[in-house]
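Since this is a predicted model, take the numbers as computed values, not measurements. A note on names: the letters A, B, ... follow the listed sequences, proteins ahead of strands, and every chain is numbered from 1.
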Amino acid sequence: MPTQYAPAEVEGKLYERWTSAGLFEADPERDPDAPAYTIVIPPPNVTGSLHMGHALDHSIQDTLVRRRRMQGYEALWLPGMDHAGIATQNVVERELKKEGLTRHDLGREAFQERVWQWKGESGGRILGQMKRLGDSVDWSRERFTMDEGLSRAVLTIFKRLYDDGLIYRAERIINWCPRCLTALSDIEVEHADREGELVSIRYTDDVVVATTRAETMLGDTAVAVHPSDERYAHLVGTEIELPLTGRRIPVVADEHVDPEFGTGAVKVTPAHDPNDFEIGQRHGLPSLTVLDEHAKVTAEGPFQGMDRYEARAAVVEALREQGRIVKEIRPYEHSVGHCQRCQTVVEPRVSLQWFVKVAPLAKAAGDAVREGRVQIQPPELSSRYFAWVDNMHDWCISRQLWWGHRIPVWYGPGGEQRCFGPGEEVPEGWTQDTDVLDTWFSSALWPFSTLGWPDDTPDLRRFYPTSVLVTGYDILFFWVARMMMFGLYAMDGVEPFKVIALHGMVRDQHGKKMSKSFGNVVDPLDWIERYGADATRFTLLRGANPGGDVPVAEEWAQGSRNFCNKLWNATRFALMNGAHVKGELPAELSTTDSWILSRLQTVAAEVDAHIEGFDFAKACEALYHFAWDEFCDWYLELSKVPLAEGGATAEATRRVLGEVLDTVLRLLHPMTPFVTEELWTALTGRETIVRASWPAADTARADAAAEAVVASLQRLVTEVRRFRSDQGLKSGQRVTAALELDGSPLAAYEEQIRSLLKLTAPGESFTATASLPVEGVVVRLDTAGAIDVAAERARLEKDLAAARKEVAQTSGKLANADFVAKAPEAVINKNRARLEAAQADITRLEAQLAALPAG
RNA sequence: GGGCGUAUAGCUCAGCGGUAGAGCACUCGCCUUACAAGCGAGGAGUCACUGGUUCGAACCCAGUUACGCCCACCA
């Protein structure tokens, strides 16, 4: 074995071995008694490639699934991709543009073929990247939201919702992207504060209105004031002339108007503003569309054909010429909606669209969490979930795109409209709606459509409901809430998952969001290549505090790489010394053996509990410390003496070494699958760790006495090392020493202590001696006259002062009647122990000071 | 505008009633036959501020300040 672990040389080979052996494949019939464990992957966009967010999300899911698989569950992690309507259509349209073509040049069918072709060639790059990460997904069950089966699920549920009156078509104001040329749902619009201009316009001598979108005045069909606003009471019910158009529009009274804001009079443009649309509905106002789908002015007149921004300036200029602009135009920061996919400013627009009536579905989705049938992890995020599901607007599901599931509604003679389910025959002469469904419509079915629904399949029976949904809190609304709605609806009230485990966003080392413009984006593949998949995963998991964002930095990845290397070298040492896992543990164990086995079982219990509780940071932390600080730094070092002794002692040590490594590797395997597989198979000679058993904590191995002995041994060794370091003694320099260990439980460890401290046997003569009473034993070191007495005295005096302060504090506390009367017994005892320890320290330190040679 | 959250060592974060912890960074000493991707030793924090509750507060309560996030139909 080389002295350094080279991930690149083992990862590809191991992944290939795992998949060809079918180790990740679930089988609904394998063992009917085994509980099922299911995770469906949040399907990445077919346009996507692996970023740190995915790497985190997948590391978590893989950890959960691998642990369950080791525990004997029938574990299924189902992979797949989302067709990502707008995103994908945009990509392919961009490609076409390079060839000087638009989708209209191809026509609908040819364009769709083109997208499928693109999907075959470059879509799904992310699936290959998932293999690099080590995802233990079942590739035999890979799904795509546009698959035949999943499409049938979409049509089936559409038909059911339609028949239940939960899907309707209506002319409503919706968010419109003038670049993508489609409607968007509320959550596909991102709001950001932008500097705009608030223009005050004098409609008449009495009526001044303000707007940031002056061009929309061309579509005004009223001015609204608050019903109780006395300034305007005389105008309500009258008509005024709308400048630039000559149209006469009414003044209406509406509660929505805030009399405190501006002049208290509002222009009303029902066709291009959501509020105004509602005012229009309430007062029966006409809705006058003045902007087309490209956001160009359609209203006849001088502005016709202008882009909205061009028109905005032109309208203001025209009004200015008429002297209708009040005062100066002032800068105004306000929130502006942008298309999530292309960042174009969204234009509210009235149009005929399809909607899901969400009220009953959202109610059920909320209740499932309220009643505890679905648990949100961490629970603090539940309030956000409720805020969303309890206040949801109807969901606009139609998109004016070509890539997606086409709406299964046909229009027949006489304007009749009918929904045809899968397999139903559409009569001659009927034409299908040209819109497709929002991409989230099909992803909402993912937890059951992937398992075969609407058919009653063995997979669906065995693996639904899924066990846990793992995703970032950013798509709680986009996706999670909608899966809840559709899952409960389609599966007759059975929730799609039992736990929603939300994680944070990956950020840079200063907690900043990763973005191309900041230049702080880290590519997980880059880390995988330089540090290995395990180090990449471990870094992410180690930062994954429940609910918190996950900062990552280059140095932390190096630290994880170093940790993998540490495991590598520990195993190398163990194998070089004949460590093994054959047979039972020896009946006769040394104290250090008992200690490490005791600690091991505690750590196994902790790790298990932390993963169970989705606290991956703590699981990693516990293993990191145990493996490095306790096992490598102490047990391994202490084992060198018994190993050298040979015989039964050495044999017992080899067995314990093998035992601890075996267990640690299995505990780490869900987080760092590759290095653990490589080392574990070498150590045990077995086929694979993937289906090895998950370690259970053996409480019978708990041994507080052994832990106490090792703790004092560690204190002794540390104290002497401290002395040597303070004294500037060469670390390789052998020092003669007498250890007076008689009667101490450490007596059995004299050899190890000498070895750790590089002490030789007591010499013939002591020239200058430092005496270190530690833990009731005395160490006399012959430092060949090299003692810096002043430095040692300063050091001891500092420690002495600290000990005296401690005594003062604790004894003061114990003298406080209130404290003694009210504090719990355990706390009082702790203080007593602390006092005793400090008093012992004082005795020891005073003795050490007294023993110092005159200097 | 509403809601939620966070302020702890240089950085990123744990701790959430009983005398402050980790990783990285830093200082000093070491190529000690598992590992220099390493080993040993060490320094470093009035736990944002102000009050309150308590025998005892980083932790609970109130307020202040500063950040962050989510939602929203702020013309």
Rounded distance in Å between the [atom1] positions of [N] and [M]:
{"N": "B:G51", "M": "B:G10", "atom1": "C1'", "answer": "32 Å"}
{"N": "B:C59", "M": "B:A48", "atom1": "P", "answer": "8 Å"}
{"N": "B:G17", "M": "B:C74", "atom1": "C1'", "answer": "44 Å"}
{"N": "B:C49", "M": "B:C11", "atom1": "C1'", "answer": "23 Å"}
{"N": "B:A44", "M": "B:G3", "atom1": "C1'", "answer": "39 Å"}
{"N": "B:G15", "M": "B:A9", "atom1": "P", "answer": "15 Å"}
{"N": "B:A36", "M": "B:U65", "atom1": "C1'", "answer": "48 Å"}
{"N": "B:C24", "M": "B:U32", "atom1": "C1'", "answer": "26 Å"}

Open item on the list: For A:Glu792, is there an ion pair with A:Arg722 - N to carboxylate O distance below 4.0 angstrom?
Closed with: yes
Open item on the list: Counting Watson-Crick and G-U wobble pairs with both distances under 3.5 Å, what is the dot-bracket string for RNA chain B, 5' to 3', using [ ] for crossing pairs and | for pairs to another strand?
Closed with: ((((((((.[[[[.)..(..]]]].(((((.......))))).....[[[[[..)....]]]]])))))))....
Open item on the list: Looking only at the side chains, is there a donor atom on one of A:Tyr5 and A:Asn569 sitting less than 3.5 Å from an acceptor on the other?
Closed with: no
Residue [X], side-chain heavy atoms: nucleotide from [options] that is nearest:
{"X": "A:Asp726", "options": "B:C35, B:A41, B:G18", "value": "B:A41"}
{"X": "A:Phe573", "options": "B:G23, B:C11, B:A34", "value": "B:A34"}
{"X": "A:Arg542", "options": "B:G23, B:C70, B:C13", "value": "B:G23"}
{"X": "A:Phe477", "options": "B:A75, B:A34, B:C71", "value": "B:C71"}
{"X": "A:Lys566", "options": "B:A34, B:A22, B:C69", "value": "B:A34"}
{"X": "A:Cys632", "options": "B:G40, B:C39, B:A34", "value": "B:A34"}
{"X": "A:Asn816", "options": "B:C55, B:A75, B:A72", "value": "B:C55"}
{"X": "A:Lys267", "options": "B:A34, B:A75, B:C55", "value": "B:A75"}

Task: Upstream residue (5' side of RNA chain B) when A:Pro7 and A:Lys618 are each assigned their closest nucleotide - done: A:Lys618
Task: First encountered from the 5' end of RNA chain B, between A:Ser383 and A:Gln809 - done: A:Ser383
TODO: Apply side-chain hydrogen bond (donor to acceptor under 3.5 Å, both in side chains) to A:Asp549 and A:Tyr473, showing your working.
DONE: CA-CA 10 Å; A:Asp549 284 340; A:Tyr473 58 66; 2.8 Å; yes
Rounded to the nearest angstrom, tell me the gap between atom [atom1] in [X] and atom [atom2] in [N].
{"X": "A:Trp388", "N": "B:C69", "atom1": "CH2", "atom2": "C1'", "result": "16 Å"}
{"X": "A:Tyr5", "N": "B:A36", "atom1": "OH", "atom2": "P", "result": "17 Å"}
{"X": "A:Trp628", "N": "B:G23", "atom1": "CH2", "atom2": "P", "result": "10 Å"}
{"X": "A:His191", "N": "B:G3", "atom1": "NE2", "atom2": "C1'", "result": "16 Å"}
{"X": "A:Asn565", "N": "B:C39", "atom1": "CG", "atom2": "P", "result": "10 Å"}

TODO: Could you tell me whether A:Arg542 sits above the aromatic face of A:Trp556, with NZ or CZ closer than 6.0 angstrom to the six-membered ring centre and within 45 degrees of the axis?
DONE: no
TODO: In sequence, state the C-alpha distance, the side-chain angles, and the governing distance for A:Arg561 and A:Asp534, and then conclude on salt bridge (Lys or Arg N to Asp or Glu O under 4.0 Å).
DONE: CA-CA 8 Å; A:Arg561 184 266 319 259; A:Asp534 293 325; over 6 Å; no
- [ ] Look only at the side chain of A:Ser639 and the backbone of A:Leu636, and say whether a donor-acceptor pair between them is shorter than 3.5 Å.
- [x] yes
- [ ] Run through A:Phe477, A:Trp395, A:Phe478 and flag the one making a ring-ring contact (aromatic ring centres under 6.0 Å, His included) with A:Trp388.
- [x] A:Phe477
TODO: Examine B:C39: is either OP1 or OP2 under 4.0 Å from a nitrogen or oxygen in the side chain of A:Arg721? Give yes or no.
DONE: no
Open item on the list: Are the side chains of A:Phe616 and A:His503 in contact, using a 4.5 Å heavy-atom criterion?
Closed with: no
